[in-house]
Protein chains: 2
Amino acid sequence: MFSQSEENYLKAIYQLSSITKDGVSTNDIAKKLETKASSVSDMIKRLSEKKLIEYKKYYGVRLTKEGEHIACSVVRKHRLWEVFLVDKLNFSWDEVHDVAEQLEHIKSPKLIEELDAFLGFPKKDPHGDPIPDKHGNYHVVEKTLLSNLHPGEKGICIGVKDSSSDFLKYLDRQAVKLGDEIAVMAKEDYDDSIHIKIDKRELNISKKIASNLYIQTP
Amino acid sequence: MFSQSEENYLKAIYQLSSITKDGVSTNDIAKKLETKASSVSDMIKRLSEKKLIEYKKYYGVRLTKEGEHIACSVVRKHRLWEVFLVDKLNFSWDEVHDVAEQLEHIKSPKLIEELDAFLGFPKKDPHGDPIPDKHGNYHVVEKTLLSNLHPGEKGICIGVKDSSSDFLKYLDRQAVKLGDEIAVMAKEDYDDSIHIKIDKRELNISKKIASNLYIQTP
DNA sequence: ATAAATTTTTAGACTTGTCTAATTTTTAAA
DNA sequence: TTTAAAAATTAGACAAGTCTAAAAATTTAT
Ligand SMILES: [Mn+2]
Ligand SMILES: [Mn+2]
Ligand SMILES: [Mn+2]
Ligand SMILES: [Mn+2]
């Protein structure tokens, strides 16, 4: 069994790996986990000795098969718990993350498989992120950022890039939800803001907002 | 916030306190937590500095109001999670303990209150133990051990004293459940075994079994 | 190609929680 | 009441995980 701390490092490396094909850098891990690079260096050594990552000094790390398996199962647990909190316990999507950070470390294979079944084998978490099945497989859906759409184009809002509480609450206030159809009406060159039509309403949103919303491209 | 380890010590002291009015001894805590007396001594010092227990060297410990409050909330969480596992996730009553030992340390007031509501505010856990409400109040039910009943007496089985997996599985095999009416037919002086009638069946059980079953006395 | 800046690693310290072995204190027995 | 046994504490060590400050390696800029 692995400690919560080890699992957090593996998960961080797993998520950072998905956005680059190079090894993951010490500093990036430190930033993601809000810790110091020296702490990361220490942990990297331990994980490497346990064969959970491949590590060449000064050149970043990569997960081994086993490391990836563990990281993926932590992500699976995190997202399933988020679904549980929203679907069954009346949490809103901006409240679930911190609790899921704790719940993802509970060790019990039966628990997670039963939870999965209890929730009806959901494929996505409340933020639109895919939930790996028990073998680590998940469906990758073609998507782009709203900021990449041109006037006249449209699509379905299927996820958020930033899932910070602040951003999610902003979306709630604007009544922007996953599943909504969004059409880009116009772009303002001066500040890159865009005018959209969503659910029969018209809305003006900043570049920053648009570049944190994922749109399903048909 | 307190660490898992601190919470485990507080819970152990809380549960040991309920069976004696004296202070709880170092050795008893060590036995309950399957750790060494020296470790207990160390932790006792820390908890005492944090004003969670009152401690006079060599004379055992008592929880302060705050210590009791924390301990009680851990017990509440443990038992609510046990109900969740049995009622919603198809766990049997002998499988829940280890998972609940982990879940009881999750920190989120909203989580536990919502879970309580989701489960319909249960009053008892799967082993018949009372679940304190959010203020720490619970209903104490008059009960005695089956081994204290005399031939001709009867009552409802409402709890187990030993909730080890081995004992619970034994009860499953004999189809003895909480809520069953049990009548004592005869006692065998030679080995203190007793002959009972339960749910229309007749059964012979040892002294050891009888002294681990709680019976509601009318 | 050398120097400067950045990144990464190491050295050393600290906290929490645990252990074994030795010592002290209390309790029970003679 | 002195002695023996049991219980509790202390001393000292260790592992995990983290941090600051310093050193080393790599990358970038001149
Ligand atoms: Mn999350
Ligand atoms: Mn999520
Ligand atoms: Mn339990
Ligand atoms: Mn229980």
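The analysis underlying the following values was restricted to heavy atoms, covering all of them including side chains, and did not include hydrogens, waters or symmetry mates. First the proteins, then the strands, lettered A, B, ... as listed; each starts at 1.
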Practice task
Using only side-chain N and O atoms of A:N27, determine if any of them is under 4.0 Å from OP1 or OP2 of C:dT6.
Solution key: no
Exercise for the section: Starting at atom CD of B:E6, determine the distance to atom P of C:dT16, rounded to an integer number of angstrom. Expected result: 8 Å
Handout entry: Between C:dG17 (P) and B:I44 (CD1): distance, integer Å
Key = 14 Å
Problem - Length of the CG-C1' vector between A:D42 and C:dT10, whole Å - result: 9 Å
Show which side-chain atoms of residues 28-50 of chain B pair as donor or acceptor with protein atoms under 3.5 Å away, not counting sequence neighbours.
residue: B:D28; atom: OD2; partner: B:S25; partner atom: OG; Å: 3.3
residue: B:K32; atom: NZ; partner: B:Q15; partner atom: OE1; Å: 3.3
residue: B:K50; atom: NZ; partner: B:E6; partner atom: OE2; Å: 2.6

Problem - Nearest-Å distance for atom pair CE/P, residues A:M43 and C:dT10 - result: 16 Å
Problem - Sub-4.5 Å side-chain heavy-atom contact between A:Q216 and A:K143 - result: no
Completion exercise
When rounded to whole Å, the CG to C1' distance for the pair A:L47 and C:dT9 reads 16 Å
Problem - Heavy-atom neighbours of B:F167 CZ exceed 12 at 6.0 Å - result: yes
Handout entry: Short side-chain N/O contact from A:K36 to OP1 or OP2 of C:dT8, under 4.0 Å
Key = no
Practice task
By nearest nucleotide on DNA chain D, pick out whichever of A:K57 and A:K50 is the more 5' one.
Solution key: A:K50
Practice task
Check every strand shown and say whether B:S41 touches a base, only sugar-phosphate, or nothing at a heavy-atom separation below 4.0 Å.
Solution key: base
Exercise for the section: Validate the cation-pi geometry between A:K161 and A:Y214: distance from NZ or CZ to the six-membered ring centre under 6.0 Å, angle to the ring axis within 45°. Expected result: no
Problem - Nearest-Å distance for atom pair CG/C1', residues B:D22 and C:dT26 - result: 15 Å
Exercise for the section: For B:E34 and C:dG17, give me the distance from atom CD to atom C1', rounded to whole Å. Expected result: 17 Å
Fill in the blank from the handout: Separation of C:dT16 atom P from B:Y9 atom OH, nearest Å, is 14 Å
Exercise for the section: Give the ring-plane orientation class for B:W93 versus B:H127, where under 30° counts as parallel, over 60° as perpendicular and anything between as tilted. Expected result: parallel
Practice task
Take atom NZ of B:K187 as the centre, draw a 6.0 Å sphere, and report whether it contains more than 12 heavy atoms from other residues, nucleotides or ligands.
Solution key: yes
Handout entry: Face-on cation placement of B:K88 at B:F118 ring, 6.0 Å and 45° thresholds
Key = yes
Exercise for the section: Select base, sugar-phosphate, or nothing to describe what A:S39 touches, counting heavy atoms under 4.0 Å on all strands. Expected result: base
Practice task
Using only side-chain N and O atoms of B:Y58, determine if any of them is under 4.0 Å from OP1 or OP2 of C:dT24.
Solution key: no
Fill in the blank from the handout: chain B vs DNA chain D, heavy-atom contacts under 4.0 Å, first-to-last nucleotide span, 5' to 3', is D:dA7 to D:dT10
Practice task
Could you check whether A:T26 gets within reach of a base, just the sugar-phosphate, or nothing at all, counting any heavy atom under 4.0 Å?
Solution key: sugar-phosphate
